[in-house]
Amino acid sequence: MTLNTGVLYIVATPIGNLSDITDRAKDILNFVGLIAAEDTRHTRRLLQHLDIQTKAISLHDHNERQKAATLVEQLQKGDSIALVSDAGTPLISDPGFFLVREVRAAGIKVVPIPGACAMVAALSASGLATDRFIFEGFLPSKSGARCKQLEQLANEPRTLVFYESTHRIEDCIVDMSKIFGKQRQATIARELTKTFETIHSDTLDNLIQWMQSDSDQKRGEFVVIVAGNPNSLTTDEKESDRIVDLLATKLPLAQATALAADITGERKKALYQRALLRKQ
Ligand code: SAM
């Protein structure tokens, strides 16, 4: 592996299971002169586990602007730096945006070292359409502001992905049910890659009842994935779906969607995923 000097590496770290780190990430964390970490105590535990002795300094939302200039200078001198957050991919609902912008503006190379990301892990196992999605991160903590934001998303046809914490998960699902409708399909991905990993799909209304009947389901870290609004499809998409449904009365679904894709010019994968959701 070629390791360059004067590079800012954006290194993904595990979201639970400590084995979810790549060999390349470990090499980079070993090689760089400095690790800029969201929380040094948290990162030291990971470094200890990996037997890596690299120095770590803190870089979080409150000091990022102040520290960016010094880090840019160090990179310009030829030092390499790794940016990590507490879990998963830095900058994804985590600090680092300001630093990356400054580093790139200074003409310095920024290299991503991909790995775990709760959003991608949850989406990949959600059973909801993955051909088009939007990531909304954390919703506002107050119900009024949260509902307002949800209202703006009510007609969104793409799959919606949110992060949520243990304190608000139930209120959040209740608000989603109010705004998106009780029957909208959703998946709750809890404690991914950890001992109590749970990935549960149902209508929003049933998910509320499920959580209320088992308080353990409100513990931990969550990704909430909500199906897009099926009624917001364009006229062309609705027509494509009608063709798929017609063909599917005579053919297996994979064949029906392949043929419908040829007829309509729409992507087969999108047609197939929507057809599966209609079946649900
Ligand atoms: N940068 C991280 C990533 O790549 O996913 C996300 C950081 S954000 C501050 C933390 C939020 O991500 C949590 O509140 C939760 O919504 C989600 N999350 C992180 N780890 C998770 C896990 N193991 N299971 C489910 N959700 C998780």
Side-chain angles (χ1 to χ4, degrees), residues 15-17 20 87-88 92-93 116-139 146-147 149-150 153-233 237 241 244-245 248 252-254 257 267-280:
I15 55 169
N17 188 324
D20 291 335
I92 305 302
S93 295
C117 178
M119 159 185 76
V120 175
L123 186 63
S124 69
S126 69
L128 296 174
T130 53
D131 58 321
R132 292 192 306 157
F133 64 91
I134 59 170
F135 175 58
E136 282 286 311
F138 289 98
L139 285 163
R146 186 163 57 230
C147 286
Q149 194 157 326
L150 291 173
L153 296 166
N155 291 323
E156 173 58 58
R158 292 169 290 185
T159 300
L160 303 158
V161 186
F162 303 89
Y163 279 166
E164 198 44 274
S165 74
T166 188
H167 313 292
R168 286 190 285 271
I169 186 68
E170 187 181 341
D171 291 348
C172 169
I173 306 295
V174 167
D175 285 346
M176 284 177 171
S177 173
K178 220 167 23 181
I179 309 290
F180 295 155
K182 294 177 178 185
Q183 293 310 309
R184 185 84 74 96
Q185 283 290 324
T187 296
I188 295 181
R190 178 175 84 96
E191 294 289 87
L192 290 168
T193 78
K194 303 186 205 175
T195 313
F196 296 107
E197 177 180 274
T198 312
I199 302 171
H200 189 74
S201 303
D202 211 325
T203 60
L204 287 167
D205 197 36
N206 287 345
L207 285 171
I208 297 170
Q209 288 172 31
W210 173 70
M211 288 201 135
Q212 287 174 344
S213 66
D214 178 0
S215 58
D216 282 347
Q217 300 307 336
K218 293 182 229 169
R219 297 213 177 109
E221 298 190 283
F222 299 86
V223 183
V224 179
I225 305 184
V226 183
N229 185 342
N231 302 321
S232 291
L233 296 175
E237 286 168 333
D241 287 354
V244 169
D245 291 344
L253 190 58
T257 48
R267 280 172 305 149
K268 181 180 149 196
K269 199 170 162 201
L271 291 176
Y272 187 70
Q273 292 192 351
R274 288 211 300 274
L276 287 180
L277 284 172
R278 281 198 301 285
K279 274 190 165 184
Q280 276 177 11

Nearest 0.5 Å, what's the [atom1]-[atom2] distance between [X] and [Y]?
X	Y	atom1	atom2	result
L139	C147	CG	SG	9.5 Å
F222	Q217	CZ	CD	7.5 Å
L123	T130	CG	OG1	6.0 Å
C172	F138	SG	CZ	11.0 Å

Look only at the side chain of [X] and the backbone of [Y], and say whether a donor-acceptor pair between them is shorter than 3.5 Å.
X	Y	answer
N229	A154	yes
E136	L160	no
T159	A129	yes
S177	L204	no
E164	E221	no

- Item | By side chain to side chain contact (heavy atoms under 4.5 Å, CB included) - contacts of S201 (at least two apart) | T187
What closest approach, in Å, do [X] and [Y] show between heavy atoms, and which atom pair accounts for it?
X	Y	result
I225	V161	CG1-CG1, 4.3 Å
V244	T257	CG1-CG2, 3.8 Å
R267	D131	NH2-OD2, 4.0 Å
L192	A118	CD1-O, 3.7 Å
L253	A248	CD1-CB, 4.2 Å
I92	C117	CG2-SG, 4.1 Å

For [X], what residues pass the salt bridge (Lys or Arg N to Asp or Glu O under 4.0 Å) criterion, not counting sequence neighbours?
X	result
E170	K218
K268	none
R274	D241, E266
K178	D175

Sequence neighbours excluded, which residues qualify as side chain to side chain donor-acceptor pair (under 3.5 Å) partners of [X]?
X	value
D245	R278
E197	none
T166	none
R184	none

Looking at side-chain heavy atoms only, is the closest gap between [X] and [Y] below 4.5 Å?
X	Y	value
I173	I188	yes
L153	F162	yes
Q209	D202	no
M211	R190	no
L207	M176	no
V223	F135	no
P230	L277	no
T203	Q185	yes

- Message: I need the full list of salt bridge (Lys or Arg N to Asp or Glu O under 4.0 Å) pairs touching residues 206-217, with sequence neighbours left out, sorted by first then second residue.
- Response: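 Of all non-adjacent pairs touching residues 206-217, those that pass salt bridge (Lys or Arg N to Asp or Glu O under 4.0 Å) are D216-R219.
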- Item | For F133, all residues meeting ring-ring contact (aromatic ring centres under 6.0 Å, His included), sequence neighbours excluded |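 Expected list: none.
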- Message: For K182, is the NZ atom crowded, meaning more than 12 foreign heavy atoms sit under 6.0 Å from it?
- Response: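 No, NZ of K182 has 12 or fewer neighbouring heavy atoms, counting only those of other groups under 6.0 Å.
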- Inter- and intrachain pairs under ring-ring contact (aromatic ring centres under 6.0 Å, His included), touching residues 194-218, at least two apart: H200-W210
